[in-house]
Amino acid sequence: MADDDETPPLMQRILDNPFILLFLGVAVPAVLYLIWGIMEIISIPVAG
Amino acid sequence: MAEQFRTCPDTGLKIHLPAQALMKANAVAAVVFLLIGGIYGLMVGLTRWPAVHLLPADWFYLTLTAHGLNVLIFWMIFFEIALLYFVSSVLLGCRLATPKIGWVAFGLMVVGALLNNYIVLTGTSSVMMTSYVPMEAHPLFYLSLILFAVGALIGCFIFFGTLVIAKAEKTYEGSVSLVTFGGITAAIIAVFTIVSGAIILIPTLLWSLGFIADIDSLAYRLIWWGFGHSSQQINVSAHIAVWYAIAAIVFGAKPMSEKVSRMAFLMYILFLQIASVHHLLADPGMSSEFKMFNTSYAMYLAVMASMVHGLTVPGSIEAAQRAKGFNSGLFEWLRRTPWGNPTFSGMFISLVGFGFLGGISGVVMGAEQINVLMHNTLYVPGHFHATVVIGSTLAFMALTYWLVPVLFRREIVMKGLASWQPYLFGFGMTGVALFLMGAGTLGVPRRHWDITFSMTGGIVHEFPAAANTLLALNGLSVLLAVIGGAAFCVIIVASLLFGRKLGDEEKLDPPIMASQPADADYVGIGKFGSTVPGTLVLALVFFVSFALYYFINWKYLAETWGIS
């Protein structure tokens, strides 16, 4: 129980870990912007 | 190891000497490239002024390329690397990770920036900052940007390494400070930015060398804007960290809510970069789902974060001022701020200009429907002169006045001119932003040398006469801003060369670091049932302006495309 009290909340542990933030900050825009965007472009039919 | 540190007598900050040397080098390089880019900017502004029309077409595009890269990339990133080293090593009171590699990174950035200026000046790479394919620049143009980006990426990882050192050596307790957290946000966005740049610039270099036959122009635009627009989001995160820092430095202000401010920075980390999509809103190859999710939905979470920062920074200043006794009425706290201190005035003009001009215009451009009113017009440079120049550049200038005595141990010279400098630069650049946005609303294109379309083989289009007036007013505003920018460069260079040397133990008078009001001083502050009523009134004015301007643009759209 004492350990539970000393463990910071999950959100604070995420905010205190720059490498988790780095992963999120690269992965989210990479998926939503770069990968989704490239998928849109390669799905454009090639002109006959 | 102890001799590698000194303690700043003015701030009590423990400064790692190898880190200090690197911060100085990066900051000086930043000011040099600001000066170079500013000179190019003057020539661009005078060419856009129809009655002056200074440069011929080829020189205009060369100058526009050099202006964009020097101020949007080199000045900003050099300053931000100095800032990252400061918010990690100095604010956490630890040694900087691998200073020797820091010098390698600095060397790569200097070589990249100089090589880029050289190759642009040869006239072989007048492709503007965006360098859209199939326009082809000299291979050294792409190589120079890659070298610069690699140096900046190394700088970012030195920053992350310094965070690890600070944690391992327990130089701080609990969480890092909010200013350092803002630095983490900027560094994370920088990593995404630079990776995007590498993904597109390396193949483009190979294409320019003949090793790759073709680069898809739409894919280029998509990935390039992951680099080009995200690089401006590094600036936003960094300048907001600077706002929080200056509120603490000048007023001893503490954040209204650390949790809320950190969550706002988290929104930046997750969603700010995808605002890049607004550059693609007129591209036919991308679906509306892609455009709207990234702009009208996800980007608004980042916009909300900006509004949180725009509320909490002046709110924290108001609370600190009220705690110090300036508690009468709505705005005594604001009237009694040190308007002659360029560190404060620069920061405050940055905050207001970024919010009212840059923020509102950014949201308007980020809506797919009304974006078509101003897409690729002068409205776009008008918007980013409000965000990057009034917002970021002015905030960085403001902090520099404080950093000169702290890092360089020199007293600022020409203090009278320094107290005016943020106003000259800020109001000049406000004119630039407003008049460019005005001309853009009238449809004036952003990339054309001559609005009469001479030398285009018969294209005829007459803009409303007001466009000429707006471009002339823009030219006058450029002159005012350049005077302000030149004053900054002169003051800083003169201070570094001729400013009185401060002794190792000497404290400046008046102090450059305000004391924090005690918790008891905050008890009972505020008026009209609110702790910070003045800030709430300013926020209300902002929201009304935001809503009015947003709907005015929908009205313009309705007039452009009548429904019958």
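Bear in mind the structure is a predicted one, so any value in this text is a computation, not a measurement. These numbers come from the heavy atoms of this one structure, side chains and all, not from hydrogens, waters or symmetry mates. Convention: sequence-line order gives letters A, B, ...; per-chain numbering from 1.
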Spatial distance of atom CD1 (B/I274) from atom CG (A/L32) [nearest 0.5 Å]: 5.0 Å
Region of B/L266 that comes under 4.5 Å of a non-hydrogen atom in chain A: side chain
Please tabulate the donor-acceptor pairs under 3.5 angstrom that span chain A and chain B, backbone and side chains included.
{"residue": "A/D16", "atom": "OD1", "partner": "B/S175", "partner atom": "OG", "Å": "2.9"}
{"residue": "A/D16", "atom": "OD2", "partner": "B/S175", "partner atom": "OG", "Å": "3.2"}
{"residue": "A/G25", "atom": "O", "partner": "B/Q273", "partner atom": "NE2", "Å": "2.9"}
{"residue": "A/L32", "atom": "O", "partner": "B/N294", "partner atom": "ND2", "Å": "3.2"}
{"residue": "A/Y33", "atom": "OH", "partner": "B/L222", "partner atom": "O", "Å": "2.4"}
{"residue": "A/E40", "atom": "OE1", "partner": "B/S287", "partner atom": "N", "Å": "2.6"}
{"residue": "A/E40", "atom": "OE1", "partner": "B/S287", "partner atom": "OG", "Å": "2.9"}
{"residue": "A/E40", "atom": "OE2", "partner": "B/S287", "partner atom": "OG", "Å": "2.8"}

Over all atoms of both residues, closest heavy-atom pair of B/I269 and A/L21: CG2-O, 3.6 Å
Best-contacting candidate, A/L24, A/I14, A/I41, against chain B by heavy atom pairs under 4.5 angstrom: A/I41
Beyond-backbone contact of A/L15 with B/F181, side-chain heavy atoms, under 4.5 angstrom: yes
Pairing residues for B/V191 by the side chain to side chain contact (heavy atoms under 4.5 Å, CB included) criterion, not counting sequence neighbours: A/L22, A/V26, B/L153, B/C156, B/F157, B/F160, B/V195
Segment of B/F293 engaging chain A (4.5 angstrom heavy-atom cut-off): side chain
Closest-packed option against chain A by number of heavy-atom pairs under 4.5 Å, given B/A298, B/G226, B/G174, B/A187: B/G226
Minimum heavy-atom distance between A/V28 and B/F271, given as atom pair plus value: CG1-CE2, 4.4 Å
Where B/F192 and A/G25 come nearest, the two heavy atoms and their spacing: CB-O, 4.2 Å
Contact summary for A/I38 and B/A219, nearest pair of heavy atoms: CD1-CB, 4.4 Å
Proximity breakdown for B/I223 and chain A, heavy-atom pairs closer than 4.5 Å: both
Toward chain B, the part of A/F19 with a non-hydrogen atom under 4.5 Å: side chain
